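Everything below concerns the one structure shown next.
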Amino acid sequence: MLNPINTDAVIRGGGAHGRFPDGIHEAVGWWLGACFVSTLKAQRIVVAYDGRATSVLFHQRLCRGAINAQHYACTVLTLRVADEGTLLRAMTELGDVPGARVSTTTGLEGTEAVSIVLYGPDGKPLDEDTGLASIRRMIANDRVPIPVNETAKGRIENYPHPPANGGAER
């Protein structure tokens, strides 16, 4: 691993969380995307971010990692800027697919903290038993999946329309 992280400190609470760039860096987005797809064996996921510049970087890397996860040829549908409720509605609208949302906050003295929350098909953030422990272990052991060949690579698409307002609440 070229730029390791403290996986126990960063991969927690439903995803990855840390101060940027000291505790978490953009490659973590790639690693999470690839491990998330492989762990859940996902053929399709929905992703969103909060619109902040740092979130865009992590969102892009998350999407690229997800489409490069082994043989899954995952389709990543991006909502682009969306809140958690919109993401959850889109996940439901697509038949209970997994999802992820990137957000950034700015603290005192301009320090940024990035959070990438990974949601299972049930709309709940991943926990130790639903995949987070496996993802942490893959990253800690430098076992981030890569595509087996070019035909196994997935694709990134824009979500075709905003999720319906009346989507099922979770």
Side-chain angles (χ1 to χ4, degrees), residues 1-50 52 54-79 82 84 87-88 90-92 94-105 112-149 152-156 170:
M1 186 178 308
L2 294 176
N3 196 359
I5 58 166
N6 179 341
T7 54
D8 290 331
V10 173
I11 311 297
R12 59 182 168 74
H17 312 276
R19 210 156 94 201
F20 175 72
D22 303 331
I24 191 171
H25 51 79
E26 296 99 323
V28 174
W30 177 288
W31 301 341
L32 274 184
C35 293
F36 182 51
V37 166
S38 294
T39 298
L40 297 185
K41 299 173 177 33
Q43 298 294 316
R44 183 167 53 172
I45 64 171
V46 182
V47 296
Y49 61 96
D50 65 3
R52 300 196 52 177
T54 300
S55 296
V56 172
L57 296 173
F58 281 84
H59 171 266
Q60 290 169 341
R61 294 288 180 96
L62 177 80
C63 291
R64 289 184 191 135
I67 66 169
N68 282 289
Q70 293 178 322
H71 61 275
Y72 292 101
C74 183
T75 298
V76 176
L77 295 165
T78 179
L79 292 166
E84 181 185 50
L87 173 67
L88 295 174
M91 290 166 55
T92 299
L94 289 167
D96 297 323
V97 300
R101 184 167 185 276
V102 180
S103 60
T104 303
T105 56
E112 290 186 307
V114 175
S115 287
I116 304 171
V117 180
L118 306 173
Y119 299 89
D122 61 358
K124 296 178 183 166
L126 293 187
D127 61 28
E128 296 299 306
D129 297 327
T130 58
L132 199 60
S134 295
I135 291 169
R136 183 184 312 106
R137 209 169 22 259
M138 291 168 80
I139 293 171
N141 295 328
D142 199 16
R143 298 283 183 228
V144 175
I146 59 172
V148 290
N149 60 48
K153 189 174 181 176
R155 64 188 184 281
I156 301 168
R170 297 190 188 254

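Sequential numbering from 1 along the given sequence is applied to the chain's residues. Everything quoted here is computed from the prediction, not taken from an experiment.
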Heavy atoms of His17 and Ser115 approach each other most closely as ND1-OG, 2.8 Å

Contact list for residues 39-50, test side chain to side chain donor-acceptor pair (under 3.5 Å), sequence neighbours left out: Asp50-Ser55

Heavy-atom closest pair (Leu88 atom, Gly123 atom, distance to 0.1 Å) is CD2-O, 3.5 Å

Report yes if some heavy atom in the side chain of Leu118 is under 4.5 Å from a heavy atom in the side chain of Ile116; otherwise report no. yes

For Leu32 and Ala16, which heavy atoms make the closest approach, and how far apart are they? CD1-CB, 3.4 Å

Please report the closest heavy-atom contact between Met138 and Cys35, naming both atoms and the distance. CB-SG, 3.8 Å

The criterion is salt bridge (charged side-chain N to carboxylate O under 4.0 Å, His left out); which residues satisfy it with Asp129, sequence neighbours excluded? none

Given side chains that start at C-beta, do those of Val114 and Thr104 come closer than 4.5 Å, heavy atoms only? yes

Using the salt bridge (charged side-chain N to carboxylate O under 4.0 Å, His left out) criterion, which residues pair with Arg137? Sequence neighbours excluded. none

Return the OG to NE2 distance between Ser103 and His59, rounded to the nearest 0.5 Å. 12.5 Å

Would you give the length of the straight line joining atom OG1 of Thr54 to atom CD of Glu112, rounded to the nearest 0.5 angstrom? 3.5 Å

Kindly indicate whether the side chain of Ile146, heavy atoms from C-beta on, has any atom under 4.5 Å from the side chain of Val144. no

If I compare all heavy atoms of Phe36 with all of Gly99, which pair ends up nearest, and what's the gap? CZ-O, 3.4 Å

Taking side chain to side chain donor-acceptor pair (under 3.5 Å) as the cut-off, I'd like each qualifying pair that reaches into residues 60-73, sequence neighbours left out, listed once. Ser38-Gln70

Taken to the nearest 0.5 Å, the spacing of Ile11 CD1 from Ile139 CD1 works out to 4.0 Å

Distance check, rounded to the nearest 0.5 Å: Thr7 atom OG1 versus Arg12 atom CZ? 12.0 Å

Residue pair Ile67 / Cys74: nearest heavy atoms and the distance that separates them: CG2-O, 3.7 Å

Using side-chain heavy atoms (C-beta onward) and a distance below 4.5 Å, is Ile45 in contact with Val97? no

Run the side-chain donor-acceptor check on residues 18-25: report pairs under 3.5 Å with partners two or more places apart or on a different chain.
residue, atom, partner, partner atom, Å
His25, ND1, Ala27, N, 3.4
His25, NE2, Asn3, O, 2.6

Could I get the full list of side-chain contact (heavy atoms from CB on, under 4.5 Å) partners for Ala90, not counting sequence neighbours? Val46, Leu79, Tyr159, Pro163

How many angstroms lie between atom OH of Tyr119 and atom OG1 of Thr130, to the nearest 0.5 angstrom? 12.5 Å

